[in-house]
Amino acid sequence: VSRVAGAWTPARMIRRLEGDEALARELMKLFLQEYAGLLQRVQAAVDAGSSERVRTAAHALKGCIGNFTDDGAYLTASEVEERGTAGALSDVPALFDRLAVEIEALAAQMREFAGEP
Amino acid sequence: MRILIADDDRVLRHSLRVYLERWDYAVVECSDGQMAWEMLCAPDRPPLAILDWNMPGVDGPTLCRQLRGVPAIAAMYVILVTGNQDQKDVVLGLESGADDYIKKPFDWGELRARLRIGSRIVSLQHALAARVADLQQALADVKRLGGLLPICAYCKRIRDDGDYWQQIEHFLEENSEAHFTHGICPECLERQLAELAG
């Protein structure tokens, strides 16, 4: 089975990539380069109070996380996207805070696996 | 076979590129809808495209509608991809003109199978287009005789469009692919020999 399923672990990811650890490392490296900018876009959209921008920024971040897991940060990013679609941003700042914690935890796991500081 | 990947997700583009090249596709890629449109319209455009639904610039369904409206690129095979999980999005995507639809995250085996279908259809389309071009050329090469031909009841010459009475073999050679070789039939041979003998 190559679908993303559940919490992210390096082993699960490598299995999903049919044992290609080198590719897994490349994808993690790209994620670590990308996620902060994507998160910042969500933050800027939330700060601007723009539902459409929240929707598109959260969707992009969700897609990027979705390459690794369909749990945790992915689910929270989905919730933020849904709020943007519905134009209901009242609890989005709290969701964003949770998202930031979850995505940093994911990134920390990747850094640990990659042997990065 | 060449294939375009249009997606704003760098991680996804990279993994797609690696897998597609592993499956012997030649990959070109871009990160937004406007660039995708330019690549789809270029003379060296690939015949197959994987388009993301949500992209900056022009989204995937809009790209599908646009390209179906341009005869020169309307036959392109398009797989629309999205993280939207709603079934009604599948219908919307296909109604926009996509040939196929796949949800993210991919199952690589499923994607490979769907790409095989796309490749097969593209190959069939190309073979069909080549056959049609051959037939059109053949049709253009064939000169066709038809309608009423005025022919002299005595000498059998035919009157052409220029009101000139031509030998029948000249007329046929000019108006068909037929060519004549001259010989003599047994009856005429007998008659000619009788005339020569006096």
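Order of the sequence lines sets the chain letters (A, B, ...), proteins ahead of strands, with each chain counted from 1.
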Chemist: Hydrophobic clusters here meaning ILVMFWY residues chained together by side-chain heavy-atom distances under 4.5 Å, can you tell me if Met39(B) and Leu20(B) are in one?
Modeler: no

Chemist: Is there a path of hydrophobic side-chain contacts, each under 4.5 Å between heavy atoms of I/L/V/M/F/W/Y residues, joining Met1(B) to Leu4(B)?
Modeler: no

Chemist: For Arg22(B) and Asp20(A): C-alpha separation, side-chain torsions, deciding distance, then whether salt bridge (Lys or Arg N to Asp or Glu O under 4.0 Å) applies.
Modeler: CA-CA 12 Å; Arg22(B) 203 174 279 174; Asp20(A) 192 340; 2.5 Å; yes

Chemist: Give a yes or no on whether Leu48(B) and Leu94(B) share a hydrophobic cluster (residues Ile, Leu, Val, Met, Phe, Trp, Tyr; joining criterion: side-chain heavy atoms under 4.5 Å apart).
Modeler: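 Different clusters: Leu48(B) never reaches Leu94(B) through Ile, Leu, Val, Met, Phe, Trp or Tyr contacts under 4.5 Å.
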
Chemist: What verdict does the side chain to side chain contact (heavy atoms under 4.5 Å, CB included) test give for Gln33(A) and Val11(B), after you've listed the backbone C-alpha separation in whole Å, the side-chain angles of each residue and the deciding distance to 0.1 Å?
Modeler: CA-CA 10 Å; Gln33(A) 289 168 7; Val11(B) 178; over 6 Å; no

Chemist: Does Glu190(B), at its CD atom, have more than 12 non-hydrogen atoms belonging to other residues, nucleotides or ligands within less than 6.0 Å?
Modeler: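 It does not: Glu190(B) CD has 12 such atoms or fewer within range.
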
Chemist: Got more than 12 heavy atoms from elsewhere within 6.0 Å of CD, Glu195(B)?
Modeler: yes

Chemist: When rounded to the nearest 0.5 angstrom, what is the spacing between OG in Ser15(B) and CG in Leu17(A)?
Modeler: 7.5 Å

Chemist: What residue in Ser78(A), Ala60(A), Cys64(A) has the most heavy-atom pairs under 4.5 Å with chain B?
Modeler: Cys64(A)

Chemist: CG of Leu38(A) to CG of Asp9(B): how many Å apart, nearest 0.5 Å?
Modeler: 8.0 Å

Chemist: With rounding to the nearest 0.5 Å, note down the distance linking NE2 in His59(A) to CH2 in Trp53(B).
Modeler: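 Here the interatomic distance stands at 10.0 Å.
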
Chemist: Same cluster for Val101(A) and Phe68(A) if Ile/Leu/Val/Met/Phe/Trp/Tyr side chains link at under 4.5 Å?
Modeler: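 Not linked; separate clusters.
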
Chemist: Within the structure provided, determine whether Phe31(A) and Arg10(B) are in side-chain contact (heavy-atom separation under 4.5 Å).
Modeler: no

Chemist: Linking I/L/V/M/F/W/Y whenever their side-chain heavy atoms sit closer than 4.5 Å, directly or via other members, would Ile117(B) and Ile50(B) fall into one cluster?
Modeler: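 Linked within one cluster.
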
Chemist: Could you point out which residue of Leu27(A), Asn67(A), Leu30(A) forms a side-chain contact (heavy atoms from CB on, under 4.5 Å) with Leu12(B)?
Modeler: Asn67(A)

Chemist: Heavy-atom distances under 4.5 Å only: say whether Leu23(A) touches chain B with side chain, backbone, both or neither.
Modeler: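 Just the side chain, heavy atoms under 4.5 Å.
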
Chemist: Less than 4.5 Å apart, side chain to side chain, heavy atoms only: is that true for Arg16(A) and Phe106(B)?
Modeler: no

